[in-house]
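Data first, discussion second: the structure below is written as structure tokens.
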Amino acid sequence: MSEAQYHLPKAYQSLITILKSCVHEKRIITQPTLTLAFGTDASFYRLTPKIVLQLINLEEVIFTLKNCYTLNIPVTFRAAGTSLSGQALSDSVLITLSHHWTKYKVIDEGKQIKVQPGLIGADVNKYLAAYQRKIGPDPASINTCKIGGIAANNSSGMCCGTAQNSYNTLAGMTLVLADGTRLDTLDEHSVTNFKISHKKLLGELSVLAQKCKSNTKLADKIRHKYRLKNTTGYSINSLIDYSDPIDILQHLFIGSEGTLGFIADITYNTVIDHQFKATALYLFNNIEQTCLTVSALENFDVAAVELMDNRSLLSVADKPVMPHFIKELALQEDTQSAALLIEIHAQSEPQLLKKIKVTEALLNKFTPIQQVKFSRDTQVYSQLWAIRKELFPAVGAVRESGTTVIIEDVAFPVSKLANAVRDLEALFKKYHYHEAIIFGHALAGNLHFVFTQAFETKKQIQRYSGFMDEVSKLVAIKYQGSLKAEHGTGRNMAPFIELEWGEDGLTLMKQIKRIFDNSGILNPGVIINNDKNCHLNHLKKMPCVDELIDKCIECGFCEPVCASKNLTLTPRQRNVVYREIARLQKTDEDPKRLATLTKAFKYLGIDSCAATGLCADRCPVGINTGDLMSKLRTEHSSIATSIARCTAHNVDKVTAVTKITLAVADQLHKAIGTQNMSLLSDATHRLSLGNIPLWTVHLPRSAGRFKVLSIKSSSKKVVYFPSCVTRSMGTSQDTSDGRPLTEVTQSLLIKAGYEVIFPLQLSMQCCGMPYQSKGFVETARDKLKQLEATLWQASEQGRYPILMDTSPCANTSINSMSNKLKIYEPFLFIAEHILPAIKVTAQKAPIMLHITCSSRKQGLANIMEKVSRACSEKVIIPEDIYCCGFAGDKGFILPQLNASALFPLKEQIPANCSEGYSNSRTCEIGLSRHSGIEYRSILYLLDKLSEKRLND
Ligand SMILES: Cc1cc2nc3c(=O)[nH]c(=O)nc-3n(C[C@H](O)[C@H](O)[C@H](O)COP(=O)(O)OP(=O)(O)OC[C@H]3O[C@@H](n4cnc5c(N)ncnc54)[C@H](O)[C@@H]3O)c2cc1C
Ligand code: SF4
Ligand code: SF4
């Protein structure tokens, strides 16, 4: 038993002993660093689980639930942890869904889809795209949040309203009750058995439904409230909407926040994903005029109407994408304007045009003061939606460090929206939330307001408490609205359920909880909570630790793309642990815990981060956690810094040594064979504690002597900068084309009619990135400057384009060098300069394409796909692979990171596919290793295909 387990209460120790007979020990986590990291969600509450379980199948869930039930140990389920109301937390057992919960089945040409709870919502929509369908729920967090959370929170978003939420698009589900009983509501046999085994439970539900239907006051209230979006408490509308107790039961599970049982799969009736869309932006004089327009739009067939109040518009007025009239608002003295972003969907072009005409006529009646007319242009569409999407980060970005951003989520009757906005504004003023903004899904009466709040002192907590008390009365009593429209009740709204639903409503909900979970082991404290101050307990501290991550709101949006997400920590989890370390350092509260976290963080946080910064692309406030990890690596010894400097001054010697090492390894491999070589390398890698790089059969051969193929002059000139990696590393051992990349690139450039210019002192040049990622910032800067000067001269001050054959080097250079230099990585150069100059016949054989982090950051994913499609009739971009985790040389010294990031790759390669392409040599080594097929630069394929044309 580990030390952490030894300190657990007896019941938990017994649970662990029992669980070990069914769940692998590695997936029973008690290590303090990991329980803290894995226990965090996006809310402003913090509970740290005693045990985190990473369960991989339903048998394990059932086994765990049965034993927790017997031992009376509370359990919370977790999907993506993007919840905002404190419902995905636990101080007991937290069950997280590993990547094993991602199966799906498309049914009836996409009209239905059966999905497991670990699938990300946006991925489900990808599977449905071919059928022009999608799931109804569309939370703004859909790129991160998972089906389990979408269903258990009854999440919704901009277009789905109430008609297309999980409750109204549910076809059936498999669920597990607290006692471990499984029910598949779409399986007759399962339903029949359940009706026998759980006759009492179903009987009690029927009685509740009858009582509810006959309590006309409550029934009317329920009908009234669910016309709006509502996620306050349980989905008690099921008691009046349905009579069959199985129907009632499964609809109660929607929005139950893991407090009634586990959702093992769900079958959705999907909705049409309209291909014909148009978007417009209308600005009105004031909020009253804006809301009058919303009321009029209620009877029109519009897909989305997003309201943005005056402060919202001002908060983003300086963003580059803003239309001029929004920018001008900021210059006006007493502006009251508010705006509507409106989207229309249709099944055909004529239908869309007709809808636009009718809607425009209506909108003009309300005398808008400015407008961006309905447009079908995807660029205009993206720009307009960018305004809306910028709102939340805008508050996040300007907030004081040490505060958190709170998004509230209420709904009002649409007819009272304007008054409600005015009342909310008065409360912001009273409580000094001067930065607060209001926006939301106006057609559903759903408004979000965003403000910043610290929870460090009693006074700060009292301010929040007073504000929430008044907001609750305003919403629930004055306007008879919903205290939570989309985000779920959690701990945050639990004390206010009675205010909204009355004593009858709360009693009903308590009865529901008792029927399903009499012993109260399922997510206790969530939805039903007797503590009237539970929304003020367990508040998260957000200490300032480093400006690189101080704005992190722990939303988790960065997690899906992280290379180390299945190995160690995600960016959010790194930030959480680092914050806790910094807090402990400041307070001196628990030196032992501080030492434990600090020691564990070295590997879990710092060493195992690929530092490629893909997380920044997904972060709403632009945080690159990789930058912090690189910075923490700078705490090098002076000897290490001197070595780094010395290698930087001798890049030519380093590449020569690399070439010799690769050549020796190649000879040794030939002499002793693959098996012996692997054994020998594994042993030395392990004995050196990872310091001696791991040899694999995919390790490249030496690049050999660098050759210039032609010096013929041409009017078309290009500067070619082969990276230090491609200058030293050649092809893999068993390649079909043994030429080094430097020769292949030249061959292609010459074919396309280019004169190739090489930078002076090429053997000494390096973009500095290898030093940067190891934290040798100064050395990296020096190398980059040296290269920039050389490229400046070679390109005649930016007159000629510069091709870098390695994408990460191109990305580093583009970001740091003069923008007069036109620097390209291979795909963009091919698209813009080579394809127009050569003829390529696409091959029938399928190819795999890997989009490197640096290419994603340059926004090149579409270009890479387009170029690849010019080369092959079938291009496969594997799912759930973002950063490959090779990260320069990490793939050699920390191969487990690369293995973990690429574990989904092999199974996605079709049997008839033997070629993979990319634009970074080191990434390609790892990709080859973990796919079993050769990955190489796209330049090889293009050279091969265009060669054929020359031979014709
Ligand atoms: C910036 C931001 C924007 C957001 N925008 C929206 C929005 O537009 N609309 C919206 O509705 N929400 C929004 N949310 C809130 C949140 O993202 C959604 O509610 C989301 O659907 C939660 O899903 P999750 O996978 O993160 O679930 P989690 O947070 O992991 O879990 C949610 C709840 O479901 C329970 N649960 C999880 N899996 C299961 C299971 N298999 N069985 C039973 N119970 C389970 C958990 O116990 C928990 O109570 C936003 C959040 C953030 C941070
Ligand atoms: S780093 Fe950004 S995306 Fe990740 S949790 Fe923090 S705020 Fe969210
Ligand atoms: S840099 Fe990469 S590995 Fe590191 S936290 Fe960000 S996404 Fe994860």
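All residue numbers refer to positions in the sequence shown, counting from 1. Atoms within a ligand are numbered from 1 in the order they appear, just like the ligands themselves.
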Quick one: nearest non-hydrogen protein atom to [atom], plus distance?
atom	value
atom 7 (S) of ligand 2	Ile553 N, 3.4 Å
atom 8 (Fe) of ligand 2	Cys555 SG, 2.4 Å
atom 1 (S) of ligand 3	Gly613 N, 3.1 Å
atom 2 (Fe) of ligand 2	Cys619 SG, 2.2 Å

Whether Phe439 and His448 hold their rings parallel, tilted or perpendicular, with breakpoints at 30° and 60° |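 Ring orientation, 0 to 90° scale: tilted.
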Check the angle between the aromatic planes of Phe253 and Phe516 and answer parallel, tilted or perpendicular using the 30° and 60° thresholds.
->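 Rings of Phe253 and Phe516: perpendicular, over 60°.
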Taking the side chain as everything from C-beta on, heavy atoms only, tell me whether [X] gets closer than 4.5 Å to [Y].
X	Y	result
Ile606	Met629	yes
Leu89	Ser43	yes
Ile512	Leu260	yes
Tyr268	Ile266	yes

What are the protein N, O or S atoms, given as residue plus atom name, that sit under 2.8 Å from atom 8 (Fe) of ligand 3?
->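 Protein N, O or S atoms closer than 2.8 Å to atom 8 (Fe) of ligand 3: Cys562 SG.
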Sorted by first residue and then second, give each ring-ring contact (aromatic ring centres under 6.0 Å, His included) pair with at least one member in residues 541-565; sequence neighbours left out.
->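 Applying ring-ring contact (aromatic ring centres under 6.0 Å, His included) to every pair that reaches into residues 541-565, excluding sequence neighbours, yields nothing.
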Looking at the rings of Phe262 and Trp101, which for Trp means the six-membered one, are their centres under 6.0 Å apart?
->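 Yes - the distance between ring centres of Phe262 and Trp101 falls below the 6.0 Å cut-off.
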Pairs flagged by side chain to side chain donor-acceptor pair (under 3.5 Å) wherever residues 540-561 is involved - sequence neighbours left out =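 Counting only pairs at least two positions apart or across chains, the side chain to side chain donor-acceptor pair (under 3.5 Å) contacts touching residues 540-561 are Lys540-Glu554, Asp546-Lys631, Glu554-Arg579, Glu559-Thr570, Glu559-Arg572.
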Verify the neighbour count for atom CZ of Phe63: are there more than 12 heavy atoms of other residues, nucleotides or ligands below 6.0 Å?
->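 Result for CZ/Phe63: enclosed.
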Verify the neighbour count for atom NZ of Lys126: are there more than 12 heavy atoms of other residues, nucleotides or ligands below 6.0 Å?
->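 Counting other residues, nucleotides and ligands, NZ of Lys126 exceeds 12 neighbours.
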Ignoring hydrogens and geometry, is there a side-chain-to-backbone donor-acceptor pair from Asp409 to Glu486 under 3.5 Å?
->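 Here the side-chain-to-backbone pair exists.
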Spell out, as yes or no, whether a donor-acceptor pair under 3.5 Å connects the side chain of Ser85 to the backbone of Gly488.
->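 Yes; judged by distance alone, with no hydrogens or angles, the pair exists.
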So which bit of Ile549 gets within less than 4.0 Å of ligand 2, heavy atoms only: side chain, backbone, both or neither?
->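 Looking at Ile549 and ligand 2, no heavy atom falls under 4.0 Å.
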Enumerated ligand 2 atoms positioned under 4.0 Å from heavy atoms of [X]:
X	answer
Glu554	5 (S), 6 (Fe)
Cys552	1 (S), 5 (S), 6 (Fe), 7 (S)
Pro620	3 (S)
Arg572	5 (S)

Positive for side-chain hydrogen bond (donor to acceptor under 3.5 Å, both in side chains) with Asn153, one of His487, Glu257, Gln87 |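 That would be Gln87.
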With heavy atoms of Ala611 as the reference, note each atom of ligand 3 found under 4.0 Å away.
->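 By the 4.0 Å cutoff, the relevant atoms are 1 (S), 4 (Fe).
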Who's touching ligand 1 if we go heavy atoms under 4.0 Å?
->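 Contacts of ligand 1 under 4.0 Å: Ala42, Phe77, Arg78, Ala79, Ala80, Gly81, Thr82, Ser83, Leu84, Gln87, Ala88, Pro117, Pro139, Ala140, Ser141, Cys145, Lys146, Gly148, Gly149, Ile150, Ala152, Asn153, Ser155, Ser156, Glu257, Gly258, Gly261, Phe262, Ile263, Phe392, Glu486, His487, Asn523, Cys555, Phe557.
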